[in-house]
Amino acid sequence: MLGVTMVSCASEWPSETQAEDRQATEFPFESHDVSELVAVGDGVYTAFSSANPNTLPDRLRQFVLDVNDPNPQWTYIGHWPVQTDRSDFAWHTSWMAQYGYDPDTQIEHTEVTATAPSPLDAKTVYFHVYNPPGRAWAAENGKEPAMFAALYRATASGTYPDQRWAMEPVPVYYSDDTTWERRGPRAVDANVWTDESDELFMTFGSWDPEGGNVIVIAEMDERTGRIEGFDATTPGYYPKGGLGAFHTVATFGEGAFTFQRGGYYYLFLSLGGCCNGVESTYYTVVGRSENVFGPYVDREGRSFSETYDGAYPGTVVASGVKGETRFIGPGHPGVLEIDGRLCFTFHYYDADDAGTAKLGTRELQFDDQGWPYIASEEPFRFR
């Protein structure tokens with residue numbers, strides 16, 4: 001079990017709208033579905049997290065750590081992308097309206113939320129957008145609850161800290177009621193990454209799609225940053241019978257993260273239940289494959305591609321049991337190599353802070369059989 005030791009929370013902080021310069025010696029900020037880290041400068045790292053539903057719900061949030069400082073401190077630098085407004089979601093709201101759902105007139109359904117970011121590099125971030133009340137609307141109308149999910153990309157001009165972000169109006173991939181008829185994956189939890197040959201892939205998906213096409217790795221076009229076969233005017237979708245660019249790699253899980261090390265590709269998944277504070281049961285498992293498209297298996301040789309009912313395979317990397325640790329439900333993992341060491345990131349629910357979701361870091365190492373494990377219960381030391 002990973003008894004994830006991370007942070008102490010200060011007793012009082014300014015409101016988020018006043019907090020652009022606030023700092024903490026550890027990480028006290030809410031950070032659900034926290035992204036993997038990415039370097040934005042020499043010794044400067046950033047992470048994004050999902051929006052806070054209570055303030056500016058359609059904005060991602062960004063945090064920065066500069067380890068060049070004598071006393072490095074995580075800094076909350078604001079909601080992002082700060083330049084976006086409701087018009088940036090015009091494609092999304094028009095698409096929803098085709099199903100008889102009007103987020104402009106159904107006042108209680110106006111919330112459009114940017115969620116689960118994945119930075120490819122210092123200037124490129126992928127994330128998904130959905131309408132939370134629309135999930136209830138879909139269920140009430142006999143449709144898939146995640147039918148209004150779509151994966152988007154934003155790019156930045158300039159270099160940190162003087163960057164200006166622009167959200168691309170057409171999604172990279174979307175899932176609607178037709179997706180489920182075609183047995184395709186949900187447009188949720190994108191992880192966009194490159195292998196050791198600089199080929200670009202996107203791992204994404206979440207529980208329950210028909211046919212077990214839950215977690216998919218899609219081949220991406222390095223020139224456009226989009227799924228092979230689709231351009232900036234045509235969002236990717238899952239055609240009947242599937243498409244060559246999509247490869248199912250797991251029949252369960254969510255919050256996937258993939259990276260290559262040596263002769264293996266490693267697929268991390270979040271299992272259990274999230275999003276319920278200290279009652280969450282999230283934990284993180286890993287499988288590996290010599291081929292990017294699988295099959296992925298755990299240490300016992302159990303495949304991620306078979307059909308399971310409740311007892312899922314996977315070599316456990318991180319877990320937190322209520323009552324045994326303050327760090328509940330570690331999930332949504334990421335890995336970044338820093339000065340020859342691997343920084344493993346995750347979100348967890350802080351039992352000492354009313355179950356607030358926060359960012360955790362640990363050093364990840366590999367045993368002599370090539371399986372990753374958490375090397376220490378202490379936070380990752382950046383220098």
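- Not one N or O on the side chain of Asp121 forms a donor-acceptor pair closer than 3.5 Å with the backbone of Val38.
- The residues Lys358 and Glu30 are annotated as not salt-bridged, no charged nitrogen and carboxylate oxygen being separated by less than 4.0 angstrom.
- Asn213 places no side-chain N or O within donor-acceptor distance of the main-chain N or O of Val216, the cut-off being under 3.5 Å.
- Under a cut-off of 6.0 angstrom, the local environment of CZ in Arg381 is sparse, with at most 12 non-hydrogen atoms contributed by other residues, nucleotides or ligands.
- Between the side chain of Tyr349 and the backbone N or O of Cys275, at least one donor-acceptor pair lies under 3.5 Å.
- Heavy-atom minimum distance, Ser31 versus Arg61: N-NH2, 3.9 Å.
- A parallel orientation is assigned to the rings of Phe259 and Phe268, their planes being inclined by less than 30° (bins at 30° and 60°).
- No side-chain heavy atom of Thr345 sits under 4.5 Å from any side-chain heavy atom of Leu336.
- In this structure a side-chain-to-backbone donor-acceptor pair under 3.5 Å is present from His347 to Asp33.
- Tyr312 and Glu306 are not linked by any side-chain donor-acceptor pair at a separation below 3.5 angstrom, with hydrogens and angles left out of the test.
- Under the 4.5 Å side-chain contact rule for hydrophobic residues, Val297 and Val286 do not share a cluster.
- Follow the hydrophobic side-chain contacts under 4.5 Å out from Leu243 and you reach Leu200 in the same cluster.
- Under the 3.5 Å distance criterion, the side-chain polar atoms of Asp195 are matched with a main-chain donor or acceptor of Ser197.
- Between the side chain of Ser289 and the main chain of Asn291, a donor-acceptor pair closer than 3.5 Å is present.
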Could you go through the side chain to side chain contact (heavy atoms under 4.5 Å, CB included) check for Tyr282 and Tyr348 one step at a time? CA-CA 9 Å; Tyr282 243 19; Tyr348 69 92; over 6 Å; no

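- Ring centers of Phe127 and Trp165: at least 6.0 Å apart, outside the cut-off.
- Ring orientation note: the planes of Tyr308 and Phe252 are nearly perpendicular, at an angle over 60° on the 30°/60° scale.
- Glu219 and His247 are linked by a side-chain donor-acceptor pair at a separation below 3.5 angstrom, with hydrogens and angles left out of the test.
- For residues 353-379, the set of pairs meeting the ring-ring contact (aromatic ring centres under 6.0 Å, His included) definition, not counting sequence neighbours, comprises Tyr266-Phe366.
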Could you give me the CA-CA distance, side-chain angles and deciding distance for Arg226 and Asp231, then say whether salt bridge (charged side-chain N to carboxylate O under 4.0 Å, His left out) is met? CA-CA 7 Å; Arg226 291 174 168 267; Asp231 59 26; over 6 Å; no

Applying side chain to side chain contact (heavy atoms under 4.5 Å, CB included), run through Phe257 and Ser118 and close with a yes or a no. CA-CA 10 Å; Phe257 180 84; Ser118 174; over 6 Å; no

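- We find that Asp367 and Arg299 are joined by a salt bridge, their nearest charged nitrogen and carboxylate oxygen being less than 4.0 Å apart.
- Glu228 is not listed as a side-chain neighbour of Phe246, based on a closest heavy-atom distance of 4.5 Å or more.
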Begin from the C-alpha positions of Lys240 and Glu181 and carry the test salt bridge (charged side-chain N to carboxylate O under 4.0 Å, His left out) through to its verdict. CA-CA 8 Å; Lys240 187 174 183 179; Glu181 296 172 3; over 6 Å; no

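- No chain of hydrophobic side-chain contacts below 4.5 Å, direct or via other Ile, Leu, Val, Met, Phe, Trp or Tyr residues, connects Leu267 to Val192.
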Given the rule in the side chain to side chain contact (heavy atoms under 4.5 Å, CB included) test, do Asp198 and Glu222 qualify, once you have shown the distances and angles that lead to the verdict? CA-CA 9 Å; Asp198 290 327; Glu222 290 83 2; over 6 Å; no

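- Under a 3.5 Å cut-off, the side chain of Ser319 and the backbone N or O of Tyr283 do not form any donor-acceptor pair.
- Under the 4.5 Å side-chain criterion, counting only non-hydrogen atoms from C-beta, Asp66 is not in contact with Pro72.
- The distance between the ring centers of Phe344 and Phe380 does not fall below 6.0 angstrom.
- With no hydrogens or angles considered, a side-chain donor-acceptor pair links Trp193 and Thr203 at under 3.5 Å.
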Check the pair Glu36, Asn191 against side chain to side chain contact (heavy atoms under 4.5 Å, CB included), reporting the backbone distance first and the verdict last. CA-CA 9 Å; Glu36 62 270 31; Asn191 160 225; 3.7 Å; yes

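- The backbone N or O of Gly158 lies less than 3.5 Å from no partner atom in the side chain of Asp162, so there is not a single donor-acceptor pair.
- The shortest side-chain heavy-atom distance between Trp180 and Lys143 does not fall under the 4.5 Å cut-off.
- Inter-residue side-chain proximity for Thr194 and Glu199 is flagged as unmet; no heavy-atom pair is nearer than 4.5 Å.
- Thr284 and Gly331 make their closest contact through OG1-CA, 3.6 Å (heavy atoms, listed as atom of the first residue, atom of the second, distance).
- A salt bridge links Asp221 and Arg223; the closest N-O separation between the charged side-chain nitrogens and carboxylate oxygens is under 4.0 Å.
- Between Tyr173 and Tyr126, the closest side-chain pair of non-hydrogen atoms is not below 4.5 Å.
- At least one donor-acceptor pair closer than 3.5 Å links the side chain of Thr46 to the backbone N or O of Phe63.
- Going from atom CZ of Arg326 over to atom CG of Asp353 covers 8.0 Å, rounded to the nearest 0.5 Å.
- Residues Arg261 and Glu196 are not paired through a salt bridge, judged by the lack of any N-O separation under 4.0 Å between the basic side chain and the carboxylate.
- Linking Ile, Leu, Val, Met, Phe, Trp and Tyr whenever their side-chain heavy atoms come within less than 4.5 Å leaves Met220 and Val249 in two separate clusters.
- When atom types are taken as modelled, the side chain of Ser305 and the backbone of Pro295 share no donor-acceptor pair closer than 3.5 angstrom.
- Cation-pi geometry between Arg182 and Tyr238 is not met at under 6.0 angstrom from the ring centre and within 45 degrees of the axis.
- For the pair Ile374 and Val317, the minimum side-chain heavy-atom distance is below 4.5 Å.
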Please lay out, stage by stage, how Tyr174 and Trp91 fare under the test ring-ring contact (aromatic ring centres under 6.0 Å, His included). CA-CA 11 Å; Tyr174 73 96; Trp91 186 96; 5.6 Å; yes

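- Using bins of under 30°, 30° to 60° and over 60° for the plane-to-plane angle, the ring pair Phe27/Phe29 lands in the perpendicular bin.
- When side chains are defined from C-beta on, Tyr237 does not count as touching Asp176, because their heavy atoms never get closer than 4.5 Å.
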